[in-house]
Number of protein chains: 2
Amino acid sequence: MNDLDSFLNFLCKIQPLSPEGQDAILSLCSQVPIAKNQNLQDIGQKCHTIYFVKEGLARIFYLKDGIEVTEYFAFENDLIIRAESLFRDKPSTKAIQALENTVFIGIPAEALFSLFDQFAEIERLFRKIIEQAYVNTVIRMEAIQFHPAEERYAQLLAEKPNLIQRISLKHIASYLGITQVSLSRIRAAVR
Amino acid sequence: MNDLDSFLNFLCKIQPLSPEGQDAILSLCSQVPIAKNQNLQDIGQKCHTIYFVKEGLARIFYLKDGIEVTEYFAFENDLIIRAESLFRDKPSTKAIQALENTVFIGIPAEALFSLFDQFAEIERLFRKIIEQAYVNTVIRMEAIQFHPAEERYAQLLAEKPNLIQRISLKHIASYLGITQVSLSRIRAAVR
DNA sequence: CCCGTCCTTTTACAAATGTTAAAAAATCAA
DNA sequence: TTGATTTTTTAACATTTGTAAAAGGACGGG
């Protein structure tokens, strides 16, 4: 019994993997515990690692005029990568931060890509994972493009009701593309 | 000599393909000419086809309170898919429309996915294509999330200076997430 | 327990954007 | 060209959201 079993199980639901394939992935996985409010990766670093959240909660954020803007929240089993750095080999303008005590699973990208030659099933797995990430981003962009902030907040609450208990409002506000003052107003109006 | 040569060449730059792989893809490609302002795919249809623009110009749009919102523009060789329908097998709330007389290249998704078993190189090609699309969407979301409309307009002009000659301002406005009135004001202020 | 820090709300005001309507300009077809 | 249609601009006003500052709460360290 390995404590990455539930993670492997999660992967196999996306794409069934042979025992050999599973072992190959496992051999690349390392667990990285990060304390609450600490960064897993800092702004300015090139991203060479694909991360998942094993337990805890994390976000990607960047700085806009000195203010932190949250781009993405990752919960258990969620993929968390800085795609614009990883797939373009450029330094990232974003950081990955643990919002709770969090254990990440890290997979070195180069080593993983090498596995693709040997295991087509693993390439397929990650193709599907990226497809899902892509679809999620398209859907989120639609929301942010033309829905007023109040709708976006309501929608977020409907999708992830427990979010509000685990994440501070200022992070939620910047994720919604508004200020925390504005979010406070929205909450007051709903109440 | 086949008139899809330039398209094949475009694909091979992303991922080199064997002659057999190239033939396999070609055998699935059909060309679909659509007249200006006509829809290639309508709202409500399930999307089962992966499209590229061979020549011309197209967009994806949806209706928000009866008003058309442009989600995406596709120029020559650009991928144009309604990802949330294609990868989730749901009816799309979006339409694909030709903004000029346009020739699309269509590849049936199911048949393509079957090729993946036979040609790992083709699966890799489409993995990379989706990765690129994903990165582009992440970057666009960052822009729309926290940059004011005026910046987004300036950035769009810098990236695609010829866009303004080919696309009406109302479409550009909705792509930027603002009304056409607002875009007119921005243009007047810059002038 | 108290203090300081950080988070959240509230207030007042400013700026940006939406809405509606109408005018001006451009486009297109007969 | 003319007339009809569409696109773009302009105007006036309403609404939303941002900014800055202050006040109240929550929370942890000493």
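We name chains A, B, ... by the order of the sequence lines, and we start the count at 1 in each one. Only heavy atoms go into these numbers, but all of them, side chains included; no hydrogens, no water, no symmetry mates. Bear in mind the structure is a predicted one, so any value in this text is a computation, not a measurement.
Between B/Glu131 and B/Arg127 there is a salt bridge, with a side-chain nitrogen of the basic residue lying less than 4.0 Å from a carboxylate oxygen of the acidic one. The pair B/Glu159-B/Arg140 fails the salt-bridge criterion, with no side-chain N (NZ, NE, NH1 or NH2) lying under 4.0 Å from an Asp/Glu carboxylate O.
Under the 3.5 Å distance criterion, the side-chain polar atoms of B/Gln145 are matched with a main-chain donor or acceptor of A/Tyr175.
Of all heavy-atom pairs between A/Arg82 and A/Ser92, the closest is CD-OG, 3.4 Å. Shortest non-hydrogen contact noted between B/Glu71 and A/Val138 is OE2-CG1, 3.9 Å.
The distance from atom OH of B/Tyr72 to atom CG of B/Asn136, rounded to the nearest 0.5 Å, is 7.0 Å. Note: A/Leu99 CG to A/Phe73 CZ = 6.5 Å, rounded to the nearest 0.5 Å.
Rounded to whole angstrom, the span from the CG atom of A/Leu176 across to the P atom of D/dT16 amounts to 17 Å. Atom P of nucleotide C/dC6 and atom CG of A/Leu99 are separated by 17 Å, given to the nearest angstrom. Put simply, CD on B/Gln180 is 16 Å from P on C/dA22, counting in whole angstrom units. Computed from coordinates, the B/Lys36 NZ to C/dT27 P distance equals 10 Å when rounded to whole Å. The distance from atom CD1 of A/Ile144 to atom P of D/dT17 is 13 Å, rounded to the nearest whole Å. Look at CD1 on A/Ile172: it is 12 Å from C1' on C/dC7, rounded to the nearest Å. Look at OH on A/Tyr153: it is 11 Å from P on C/dT8, rounded to the nearest Å. Between B/Leu169 atom CG and D/dT10 atom C1' there is a gap of 14 Å when expressed in whole angstrom units.
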Would you list the protein and nucleotides 14-19 of chain C atom pairs, both N or O, that sit under 3.5 Å from each other?
residue : atom : partner  : partner atom : Å
C/dT17  : OP1  : B/Ala149 : N            : 3.3
C/dG18  : OP2  : B/Thr179 : N            : 3.3
C/dG18  : OP2  : B/Thr179 : OG1          : 3.2
C/dG18  : OP2  : B/Ser182 : OG           : 3.3
C/dG18  : N7   : B/Arg185 : NH2          : 2.8
C/dG18  : O6   : B/Arg185 : NH1          : 3.1

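Heavy-atom nearest nucleotides on DNA chain D were determined for B/Ala188 and for B/Lys170, and the one closer to the 5' end corresponds to B/Lys170.
Each end of the helix from C/dC1-D/dG30 to C/dA30-D/dT1 gets its own axis, taken as the rotation carrying the C1' atoms of four end pairs onto the next four within a five-pair window, and the two axes meet at 40° to the nearest 10 degrees.
Minimum atom distance to the side chain of B/Ser168 is reached by D/dT7, of the listed C/dT9, D/dT9, D/dT7.
Other residues, nucleotides and ligands contribute over 12 non-hydrogen atoms within 6.0 Å of the NZ atom of B/Lys64.
Here the side chains of A/Ile81 and B/Tyr134 are in contact, with some heavy-atom distance below 4.5 Å.
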